[in-house]
Amino acid sequence: MLQILYTVAGLNYWDIKSDNNITPISAMIIILKPDTLKEDEDYLRLMSYLRELPNIRINTHDEFGAQQVLTEIYLIGETAALDQEMIESFAVVDRVVRVSREYRILGRHSGDQRSSQFAYNGVIFGQHNLHVMAGLCAVDTREHADQMMRALAEHGQVCARMGAYKPRTSPYSFQGHGKDCLPYVFELAGKHGIRVIAMEITHDGHIDEIHEALDASGGATGVMLQIGTRNTQNFELLKAAGRQKTLPVLLKRGFGITLEESLNAAEYLASEGNRNVVFCLRGMKTNMGDPHRNLVDFAHVPVVRRMTRMPVCIDPSHSVGIRDVAPDHIPDIMHATCQGVISGANLVLVDFHPQPTRALVDGPQALTLEELPWFLEDVQLARQAYEKRVELRGRYGSAT
Ligand code: PEP
Ligand code: MN
């Protein structure tokens, strides 16, 4: 057994080989023209050409959009010596992208113009826009869920967070109402026009429970499956969430692993077939962040946007974890939110509660419904500042 460190595009990879035949694994993506038919003669010619290539694994993926079907063919193996021009000369080929680093599907590769957005239940999630998903860390009562979603609707929000399955540090803490609360949560969401609810799952069985409850509600709303920081490397859960393509996934960064490890976790979802993935920064577990609950890591917003095509979410509640205010009387949670938004974050997942002192989970970090309009306006201000910063960069030319 031989372990080799090699470098591709400035990143180090280990490869384990059982013999001395050392060849770096690389990949290539062939993007076909929209709506290419599998019966098309040129498609068949391309496929028989590719099948003849030595030491290359072929993986075909169809992306069904609202208007068209996009087919991508992944070549994995010894692609370095492949003749790109030859492949591009097939009439069905739109373009060829050489994959320069890991995160083959979700990664942003050089010359890669593929879209970095997806639509779910009428809401577009992408690297170019911003949504807020405010709500209950854990659903405790129907009344609180109703008050929360009513307040969101009054302020023009179509997304919410509503925790049903809660991973808790202590087995004696409230574990969430689980599937029992799904019927009323979905019904209330439908009533208040909430289209997407972020909801953590901790077991693959929860996916079926959510599907069943959504069906029973007559499709009243939609769910974005949340995979929490304690499960970032629960590979079986990732595979299960990746195998289904109906519900998008919000993956939290692991709180004690490297960014690269967390991005690979996201790639698990995509490699199983689900590319509708949002990546969420939520702070790192270390006492260096004291007095905050975690060390805020929102400086990585531009890093994740650069390395991948995923929309980037920030979770200021679980990062900061306390409601304390600065001398300007602005809560640290709101300062941290704006720090992420001014760097181009695309989603804000944040805890609110109608009565934080009565919340069963994470009350000390919840903002109140009275603070909701202030919070939303503050976020808009930071977003406008971000857009002005992009404009300013345009006037000064782009940095390399
Ligand atoms: C949550 O968002 O409710 C949560 C438990 O977050 P995390 O996985 O980031 O701790
Ligand atoms: Mn929480």
Side-chain angles (χ1 to χ4, degrees), residues 4 6-13 15 17 19 21-119 124 126-128 242 245 263-264 266-277 305-311 398 400:
I4 312 130
Y6 60 89
T7 304
V8 180
L11 289 175
N12 294 329
Y13 303 112
D15 196 12
K17 292 276 177 185
D19 56 37
N21 178 16
I22 304 159
T23 325
I25 295 169
S26 61
M28 191 181 249
I29 306 171
I30 304 171
I31 301 160
L32 301 189
K33 296 200 170 127
D35 297 321
T36 294
L37 298 174
K38 303 286 183 300
E39 304 80 50
D40 189 302
E41 273 187 21
D42 197 62
Y43 173 81
L44 295 171
R45 262 197 299 277
L46 170 69
M47 293 311 282
S48 62
Y49 170 79
L50 298 176
R51 280 193 207 99
E52 293 299 308
L53 298 172
N55 303 324
I56 298 284
R57 206 151 40 84
I58 304 173
N59 218 331
T60 304
H61 173 84
D62 289 325
E63 189 76 22
F64 294 90
Q67 315 285 340
Q68 57 189 20
V69 182
L70 269 186
T71 301
E72 293 175 357
I73 302 171
Y74 286 75
L75 305 184
I76 299 158
E78 295 171 24
T79 59
L82 294 189
D83 185 345
Q84 183 166 341
E85 275 183 24
M86 173 68 194
I87 296 172
E88 278 169 340
S89 72
F90 285 86
V92 288
V93 174
D94 184 28
R95 60 193 183 279
V96 172
V97 175
R98 275 193 191 276
V99 177
S100 46
R101 54 158 69 114
E102 291 282 48
Y103 331 126
R104 290 178 183 134
I105 299 172
L106 295 172
R108 183 178 289 293
H109 311 291
S110 67
D112 189 351
Q113 301 299 322
R114 289 175 301 158
S115 159
S116 55
Q117 67 170 50
F118 61 87
I124 294 175
Q127 284 199 346
H128 65 287
K245 294 193 206 166
L263 294 178
N264 269 308
E267 189 71 11
Y268 260 90
L269 295 158
S271 72
E272 292 290 331
N274 191 346
R275 295 154 171 235
N276 295 346
V277 183
R305 295 179 76 223
R306 170 169 74 245
M307 293 175 79
T308 79
R309 299 178 300 120
M310 290 184 276
S398 51
T400 46

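- For the atom pair CG (L50) and CZ (F90), the distance works out to 7.0 Å, reported to the nearest 0.5 Å.
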Under 3.5 Å, sequence neighbours excluded: what are the donor-acceptor pairs made by side chains of residues 52-59?
{"unit_1": "N55", "atom_1": "ND2", "unit_2": "E78", "atom_2": "OE2", "d": "3.4"}

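- The nearest pair of heavy atoms linking E88 to V93 is CA-CG1, 4.0 Å.
- With values rounded to the nearest 0.5 angstrom, E72 atom CD is found 9.5 Å from D62 atom CG.
- Side-chain contact check for M47 versus Y43: some heavy-atom pair is nearer than 4.5 Å.
- Residues passing the side chain to side chain donor-acceptor pair (under 3.5 Å) test with R309: none are found, sequence neighbours excluded.
- For the pair H61/I105, no side-chain contact is recorded, criterion being any heavy-atom separation below 4.5 Å from C-beta on.
- With hydrogens and angles ignored, the 3.5 Å screen pairs no side-chain donor or acceptor of T79 with any backbone N or O of I76.
- Looking at K245 and N276, their side chains never come closer than 4.5 Å, going by heavy atoms from C-beta outward.
- In this structure, CG on D35 lies 6.0 Å from CD on Q68, to the nearest 0.5 angstrom.
- Put simply, CG on L269 and CG on L106 are 8.0 Å apart, with the number rounded to the nearest 0.5 Å.
- To the nearest 0.5 angstrom, Y268 atom OH is 14.0 Å from L263 atom CG.
- Applying side chain to side chain contact (heavy atoms under 4.5 Å, CB included) to L32 and the options L70, D94, L46 leaves one that passes, L46.
- Proximity of F118 to V277: side-chain heavy atoms (C-beta onward) are nowhere separated by under 4.5 Å.
- In this structure, L44 and K38 approach most closely via the heavy-atom pair CD2-O, 3.4 Å.
- Considering all non-hydrogen atoms of both residues, L82 and R98 come closest at O-NH2, 2.9 Å.
- When every heavy atom of R108 is checked against every heavy atom of Q127, the shortest pair comes out as NH2-OE1, 2.6 Å.
- Expressed to the nearest 0.5 Å, how far CD1 of I73 lies from CD1 of I30 amounts to 5.0 Å.
- Residues M310 and T308 come closest through the heavy atom pair N-OG1, 3.2 Å.
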